[in-house]
Enquirer: 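There's a structure below that I have some questions on.
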Amino acid sequence: MGGSGGERDEGWRVMGRRTVRGAVVAAVLCALAGFGAGPGAGPEAVAAPDAYAYDFAEDAQVVEGAASTTDAVRLEPGGTYRSTLPVNGRLYYRLALDATSNAYVSATAVPRQGTTVSSSDGVKVSVQDADARSCSYDSTRFGASRSPHPVAAWASRTTDGETTACQDAGTYYVVVDRIDSAGSSSDDWDLELTYVSEPGLVNEAATVAPESPGSGDSASPAPLTGDAVPRAGGAGFATATPVGQGVWQDDITPGRTLFYRVPVDWGQQLHAVAELGSSSGGEGFLGNVLVMSLYNPARGYVDDEGLGYNGSQTSAALDPLPPVEYANRFGVGDRMQGMRFAGSYYLVVHLAEQMTERFGAGPYGLTLRVQVTGTAQDAPAYLGQSVPRDTFAVTEEEREAAGGWTSGGVAGGTRADESDAGSGGGDDAVMRVVAVSGIGAGSLLMLGLGLWTVVARRRSARA
């Protein structure tokens, strides 16, 4: 990057003798170096975002949780909301539900950087009717790593069960509790809420769950051993990076949480292994230093697996999960009930802050080995569409974005270092620079056309 500035200077001195292609190349290099970015451009303007920051959904609506049901703000199906969870706080939000749809509300608690947490701290979510009867509840805690990171819990009102509670149309309330222990931080936590609506079925479904996995054909297959393909994880549920079947590689620093999403269709089974690479320094042992958590398409907690670290490479795999089936919701435990619908499942990987003290600031190599087995089956006969649409389905766009193994054995498509022979030489080189830089296509096009026009006018004037 340091050489880009010199190329820029030379480019502007000899612009009169350059071709149009040269002008575009100079413009691209200029943009990459941060020149011409307008007033105030500099290191601050192009600095990378905080590695510990959580990416909230861009369209999240800011709402204030109420201290009483009387003042609770209404959440809409398909909505994403941003709020604040105070210390020892309890917040109320309101739902207006019909008598046929299933409603799922998830709350992601995001402690701010520098916050102190204990293993028992976390967040609890419940849905209650107008008479304070609980429809369901769930809680998620930070666990033995005692490292602050985003954790999510969900609750629901379902109409397809055998119980008679919470079946009527009417007003319901989402209750979000912050679970605090003595000595925890007094800082507020950020909160992201999502509300997903699942339609009822045309015909009643069987209310008996299939057998639990763990033996025979349900056991996890041998982990994949192919070449790893770089794929940077996202910093939130909304920006989770799509990955399919394959071996994926990333870097992770202590305190950071990475988000990936895996499309899993009806009848399919997800298997995942996380591997933390060896380090060149440090000594001793840290328990549960890396945690891989699995959340379903409604951001409901399914399972997690932690691993300890002594400086040598180590791995952890999720226990065998059941294939995705509608009837799983009638089973027992998070691992069974969570695998109740198709869609994008989230793999969330967190590396504890304590790694810095014992083994250094990193970054550390992270490898994910993801497998999706089984043949996709038809979806249940729903009465309508979920809100948001296709939440509980796997679309072709999601499959393409996730990549995965191709006939050539390469995950995610073409290798990044594939030869350029016969591909257009300099023009393709420019496009690769543009793609890697992340410059918006529209901005680059306008810049290129503008320079093209300037060069053409100069040539015309000289003629």
Side-chain angles (χ1 to χ4, degrees), residues 49-50 52-87 89-98 101-113 115 122-130 135-138 140 149-157 169-178 187-199 234-241 257 259 261 295-301 343-344 346 348 384-392 398:
D50 182 2
Y52 299 93
Y54 177 83
D55 281 349
F56 289 88
E58 291 185 357
D59 60 349
Q61 178 183 346
V62 177
V63 296
E64 185 175 351
S68 168
T69 56
T70 305
D71 303 317
V73 64
R74 176 175 167 177
L75 306 182
E76 298 293 340
T80 302
Y81 303 88
R82 183 169 180 175
S83 195
T84 301
L85 187 58
V87 179
R90 166 171 288 186
L91 302 178
Y92 292 92
Y93 306 88
R94 179 166 49 92
L95 306 176
L97 304 181
D98 59 29
S101 300
N102 299 322
Y104 302 97
V105 178
S106 176
T108 303
V110 185
R112 296 165 185 173
Q113 186 175 357
T115 297
V123 61
K124 177 182 177 182
V125 182
S126 61
V127 172
Q128 301 176 357
D129 66 10
C135 306
S136 75
Y137 64 90
D138 178 45
T140 306
H149 62 281
V151 293
W154 71 329
S156 63
R157 191 295 301 259
T171 298
Y172 290 79
Y173 297 97
V174 178
V175 187
V176 181
D177 287 288
R178 173 167 165 172
D187 296 330
D188 291 343
W189 295 349
D190 292 318
L191 194 65
E192 186 174 63
L193 298 164
T194 57
Y195 169 18
V196 179
S197 177
E198 179 190 33
F237 283 105
T239 57
T241 299
T257 305
F259 291 75
R261 69 177 193 267
Y295 294 89
N296 65 26
R299 302 190 188 182
Y301 171 82
S344 289
Y346 298 92
V348 182
Q385 283 287 340
S386 64
V387 184
R389 188 182 180 92
D390 292 331
T391 298
F392 306 127
E398 288 176 327

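The chain is numbered in sequence order, starting from 1. Keep in mind it's a predicted model, so treat the numbers as computed, not measured.
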Enquirer: A side-chain contact here means heavy atoms from C-beta on lying under 4.5 Å apart; do Val125 and Asp138 qualify?
Expert: no
Enquirer: To the nearest 0.5 Å, tell me how far Thr80 OG1 sits from Tyr195 OH.
Expert: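 Output value for this atom pair is 13.0 Å.
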Enquirer: Is the Phe259 ring parallel, tilted or perpendicular to the Tyr54 ring (thresholds 30°, 60°)?
Expert: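 Perpendicular, since the angle between the ring planes exceeds 60°.
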Enquirer: So which heavy atom on Ser101 is nearest to which on Pro199, and how close?
Expert: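 Looking at all heavy atoms of both residues, the closest pair is OG-CA, 4.4 Å.
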Enquirer: A side-chain contact here means heavy atoms from C-beta on lying under 4.5 Å apart; do Trp154 and Asn296 qualify?
Expert: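 In short, these two side chains touch, coming nearer than 4.5 Å.
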Enquirer: State which residues pass side-chain hydrogen bond (donor to acceptor under 3.5 Å, both in side chains) with Arg94; sequence neighbours excluded, sorted by chain then number.
Expert: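 Arg94: no side-chain hydrogen bond (donor to acceptor under 3.5 Å, both in side chains) contacts found.
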Enquirer: Which pairs of donor and acceptor atoms, one on a side chain in residues 56-71, lie under 3.5 Å apart (sequence neighbours left out)?
Expert:
unit_1 : atom_1 : unit_2 : atom_2 : d
Ser68  : OG     : Thr70  : N      : 3.2
Ser68  : OG     : Thr70  : OG1    : 3.4

Enquirer: Pairs of donor and acceptor atoms involving the side chains of residues 384-392, under 3.5 Å and at least two apart or interchain, shall be tabulated with distances.
Expert:
unit_1 : atom_1 : unit_2 : atom_2 : d
Ser386 : OG     : Pro388 : O      : 2.8
Ser386 : OG     : Asp390 : N      : 3.4
Ser386 : OG     : Thr391 : N      : 3.2
Thr391 : OG1    : Pro388 : O      : 2.6

Enquirer: For Thr241 and Gly234, indicate whether the former's side chain and the latter's backbone hold a donor-acceptor pair under 3.5 Å.
Expert: yes
Enquirer: When you measure from the side chain of Thr140 to the backbone of Ala152, do you find a donor-acceptor pair of N or O atoms at a distance under 3.5 Å?
Expert: yes
Enquirer: Look up atom CG in Asp190 and atom OG1 in Thr108, then write down how far apart they are to the nearest 0.5 Å.
Expert: 11.5 Å
Enquirer: Which atom names give the shortest non-hydrogen contact between Leu193 and Tyr93, and what distance separates them?
Expert: CD1-CZ, 3.5 Å
Enquirer: Strictly distance-based, threshold 3.5 Å: is any side-chain N or O of Tyr81 a donor or acceptor partner for the main-chain N or O of Glu76?
Expert: yes
Enquirer: Ignoring hydrogens, what is the shortest heavy-atom contact between Trp189 and Gly122? Give both atom names and the distance.
Expert: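 Residues Trp189 and Gly122, closest heavy atoms: CZ3-O, 3.4 Å.
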Enquirer: Closest approach of Ala53 and Ala235, non-hydrogen atoms and distance?
Expert: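 Taking every non-hydrogen atom into account, O-CB, 3.7 Å.
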Enquirer: Any luck finding a side-chain donor-acceptor pair between Ser106 and Tyr295 under 3.5 Å?
Expert: no
Enquirer: Does atom OH of Tyr137 have more than 12 heavy-atom neighbours from other groups under 6.0 Å away?
Expert: no
Enquirer: Could you grab the distance from atom CZ of Arg261 to atom OG1 of Thr239, nearest 0.5 Å is fine?
Expert: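 That separation rounds to 9.5 Å.
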Enquirer: To the nearest 0.5 Å, what is the distance between CZ on Phe237 and OG on Ser344?
Expert: 12.0 Å
Enquirer: Calculate, to the nearest 0.5 Å, the distance between atoms OG1 and CG belonging to Thr84 and Asp187 respectively.
Expert: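 Nearest 0.5 Å value for the OG1-CG distance: 12.0 Å.
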Enquirer: Does the side chain of Arg178 come within less than 4.5 Å of Leu91's, by heavy atoms?
Expert: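 Result no, sub-4.5 Å side-chain heavy-atom pair not found.
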Enquirer: For the residue pair Asp55 and Ala238, what are the closest heavy atoms and their distance?
Expert: O-CB, 4.4 Å
Enquirer: List the steps, then state whether side chain to side chain contact (heavy atoms under 4.5 Å, CB included) holds for Leu95 with Arg157.
Expert: CA-CA 10 Å; Leu95 306 176; Arg157 191 295 301 259; 6.0 Å; no
